[in-house]
Novice: 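Let me give you the structure first, and then I'll get to my questions.
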2 protein chains.
Amino acid sequence: MKQKPTLKVIAKELDVSVSTVSKALRDSKEISDETKQKVKAFAKLYNYRPNNIALSLKNKKTKTLGVIIPEIVHHFFTTVISGIENFANDKGYNVIVGLSNESFKKEVINLEMLANGSIDGFIISVAKETLSFKDYHHLSETIDQGIPIVMFDRVIDEIECDKVIVDDIETSKKAVQKLIENKCQKIGIISTKDYVSVGRLRTEGYKNALTENNFTVDENLILKIDDKFNSDDNLEFLEVQISEYINNNDIDGVFAVNELYAITAMKVARQKGLRIPEDLQIIGFTDGVLSKHAFPPLTTISQHGFEMGEEAAKLLIDRLESVSDDEENYITSIVKTEIISRETTKF
Amino acid sequence: MKQKPTLKVIAKELDVSVSTVSKALRDSKEISDETKQKVKAFAKLYNYRPNNIALSLKNKKTKTLGVIIPEIVHHFFTTVISGIENFANDKGYNVIVGLSNESFKKEVINLEMLANGSIDGFIISVAKETLSFKDYHHLSETIDQGIPIVMFDRVIDEIECDKVIVDDIETSKKAVQKLIENKCQKIGIISTKDYVSVGRLRTEGYKNALTENNFTVDENLILKIDDKFNSDDNLEFLEVQISEYINNNDIDGVFAVNELYAITAMKVARQKGLRIPEDLQIIGFTDGVLSKHAFPPLTTISQHGFEMGEEAAKLLIDRLESVSDDEENYITSIVKTEIISRETTKF
DNA sequence: TATCAACACGAAAACGTTGTCGCTGCAATG
DNA sequence: CATTGCAGCGACAACGTTTTCGTGTTGATA
């Protein structure tokens with residue numbers, strides 16, 4: 001087992017000083033070509049790599065981004081991580097991932113665990129529990145300490161920082177508009193409780209589309225699922241709620257606020273003998289594996305998670321590397337969405 | 001913006017030495033109760049947290065694990081990460097994620113980027129390209145430098161290190177056995193090229209099951225998909241291959257080496273007018289969202305990714321924290337699999 | 001009153017790196 | 001020959017922390 005060589009051992013071995021070795025490796029003009037050759041050859045031979053930790057300490061920069069998300073077994077979030085990784089790696093940054101599991105406490109712990117010098121900045125999608133508690137002190141304190149945060153998807157209006165979102169209102173309006181154009185008469189929405197910002201906004205877009213087309217908004221057609229935690233754990237509960245909803249309302253079009261809700265709606269509709277899209281047209285949100293491989297393939301809205309991730313990473317790194325330190329000049333970046341028409345809608 | 005306080009500023013503020021502050025905070029008995037109170041109160045007030053980087057440099061331990069996987073938009077891998085995170089966090093470790101995108105070069109870069117002191121050890125599932133190139137120098141060199149590696153799922157026999165796998169041969173044998181018991185007469189397998197260890201082993205298990213039941217092994221029934229890269233990029237290609245395969249062989253049972261192959265097989269079978277499971281029974285490998293939400297729900301083998309992740313993290317942390325430094329004493333941990341019977345098999 | 005332990009604290013080194021500054025010796029200049 | 005200039009290198013501080021090893025003061029004991 002070869003131990004990693006340090007400047008010190010190279011220096012001793014070559015009988016020069018540490019500073020000389022350092023300078024030689026960085027091609028300083030203070031050092032003679034002869035010495036440079038010697039040092040570089042030796043360094044190469046022993047596969048010298050500067051110790052990152054020492055550099056971090058000296059530079060007060062870790063070149064590492066902290067990403068905190070509610071769950072990782074989730075297509076959208078992993079797509080975003082991909083985008084973050086892609087951009088960050090290109091810029092020489094590493095990505096360290098923390099999972100909140102939708103829990104406020106775990107989110108706080110994760111933040112504190114990393115905010116002690118381990119990372120230069122955060123990219124966060126906040127936990128549902130945090131949103132429902134409305135307790136954001138950990139976030140504002142982090143920003144206060146000079147560690148920048150970029151929020152994506154689930155953002156908090158009260159906190160000032162860079163944000164990356166889709167235009168939820170406009171997007172869901174487009175989706176409902178499509179349902180209307182497809183001759184749906186009675187259109188429902190399967191959404192989340194209002195404390196989840198995306199759910200609230202998408203419901204708003206749904207309502208807007210209806211009123212603009214002279215449909216009356218029927219609150220009975222608005223289902224707000226209450227799943228505080230990881231949705232995979234209470235699938236039956238979800239199914240029961242959606243089943244009741246579909247049985248009680250003879251809708252012919254439904255907009256679901258995420259993929260899972262849409263797929264579940266398809267499932268219960270099929271059990272009820274409804275044909276898709278003849279009897280019921282469905283549009284989902286977030287284009288993941290499920291939508292693509294569902295039967296029939298689900299018409300859905302693509303959030304372009306990869307681009308969101310890239311954009312979030314770009315905003316964060318820009319802020320980290322900007323010398324001007326212009327706080328309060330925060331950017332909210334809105335990434336475009338797109339309806340992917342597949343087979344759960346007539347057109 | 002409050003800057004993070006250091007021991008030095010606390011010391012200056014309280015007019016004591018840095019050592020005194022450090023000792024007071026760590027409850028050293030060298031320090032009087034009075035001073036301790038004073039220091040602790042001040043530290044709390046200014047929300048002092050020891051700088052992790054400085055600690056890492058001093059202790060030569062980062063308390064960070066590097067996880068390198070081929071892709072992250074992938075149910076199995078994210079499940080494993082969940083397990084790793086879960087275990088690692090409990091032990092006070094962070095997890096830094098690197099993506100190889102199935103590329104040898106990116107795997108090497110990721111490894112080098114982290115092996116300079118940023119992490120204490122690696123958990124890796126190697127890229128397909130690495131497996132096909134058979135170039136493992138980056139892995140052996142890392143181990144040589146004293147950085148332990150734990151491999152999972154896709155492992156390399158030639159490299160000595162801790163490993164976490166499922167018993168692929170035995171598991172796929174069980175699956176095929178089930179197909180046989182379900183009265184299938186002509187059973188095929190959709191696998192990968194042989195350089196992917198899991199594909200090779202699962203094919204072996206398939207053959208074993210057949211011969212043990214006095215079936216003849218027909219090489220035409222063995223489809224070895226050649227997808228060197230991210231499988232999502234060439235879905236059509238995949239579909240074409242599987243479609244040809246199913247059209248040319250009138251099989252009534254098929255074992256697919258992963259979820260996507262199984263789902264695609266279902267799709268082309270449906271297009272061909274085959275009923276599932278009446279005309280064709282299908283078993284997949286890796287229980288992900290697709291299997292659960294497919295129509296009909298797919299019978300599949302659960303690899304227990306979460307447990308694999310936990311086990312990998314455990315092996316790595318055990319090795320990191322073991323004082324005895326007993327190299328060569330490597331463990332290969334085999335986690336149990338389980339057949340989840342759903343509706344693509346008769347029983 | 002002299003000796004000594006106990007107590008409470010400070011100085012300094014170390015982890016690996018970079019950059020500033022200063023020093024030495026040699027060549028070129030007047 | 002004396003001065004200057006510069007090439008080439010080393011010493012040292014600094015980043016923030018922990019820990020070892022002093023060191024000075026106090027109070028008690030002989």
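Proteins come first, then strands; the chains are lettered A, B, ... in the order of their sequence lines, and each starts at number 1.
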Novice: Test for a donor-acceptor pair under 3.5 Å between the base of D/dA7 and the side chain of A/Ser32, counting only N and O atoms.
Specialist: no
Novice: Per the salt bridge (Lys or Arg N to Asp or Glu O under 4.0 Å) rule, what does the pair list look like for residues 38-57 of chain B, sequence neighbours excluded?
Specialist: B/Asp27-B/Lys40
Novice: Has the side chain of B/Ser19 got a donor or acceptor that lies under 3.5 Å from a partner of the other kind on the base of C/dA11?
Specialist: yes
Novice: If you compare every side-chain N and O of A/Lys4 against the phosphate oxygens of C/dG16 (OP1, OP2), does one of them come in below 4.0 Å?
Specialist: no
Novice: Within this structure, what is the CD-to-P distance between A/Glu34 and D/dG8, rounded to whole angstrom?
Specialist: 10 Å
Novice: For B/Leu7 and D/dA14, what is the distance between atoms CG and P respectively, to the nearest whole Å?
Specialist: 16 Å
Novice: Can you confirm whether A/Lys128 sits close enough to A/Pro70 that some side-chain heavy atom of one is under 4.5 Å from a side-chain heavy atom of the other?
Specialist: no
Novice: Applying the side chain to side chain contact (heavy atoms under 4.5 Å, CB included) criterion to B/Asp162, which one of B/Thr332, B/Val150, B/Leu316, B/Ile123 satisfies it?
Specialist: B/Val150
Novice: May I ask you to list the residues of residues 22-30 of chain A, by number, that have any heavy atom positioned under 4.0 Å from an atom of DNA chain C?
Specialist: A/Ser22, A/Lys23, A/Arg26, A/Glu30
Novice: Short question: side chain of B/Asn110, backbone of B/Lys106 - any donor-acceptor pair under 3.5 Å?
Specialist: yes
Novice: Taking only side-chain nitrogens and oxygens of A/Tyr48, does any of them come within less than 4.0 Å of OP1 or OP2 of C/dG16?
Specialist: no
Novice: What is the distance, to the nearest angstrom, from the CG atom on B/Asn116 to the C1' atom on C/dT17?
Specialist: 13 Å
Novice: Expressed in angstrom and rounded to an integer, what is the separation of A/Ile53 atom CD1 from C/dT18 atom P?
Specialist: 14 Å
Novice: It should be established whether B/Thr35 places a side-chain nitrogen or oxygen under 4.0 Å from OP1 or OP2 of nucleotide C/dC9.
Specialist: yes
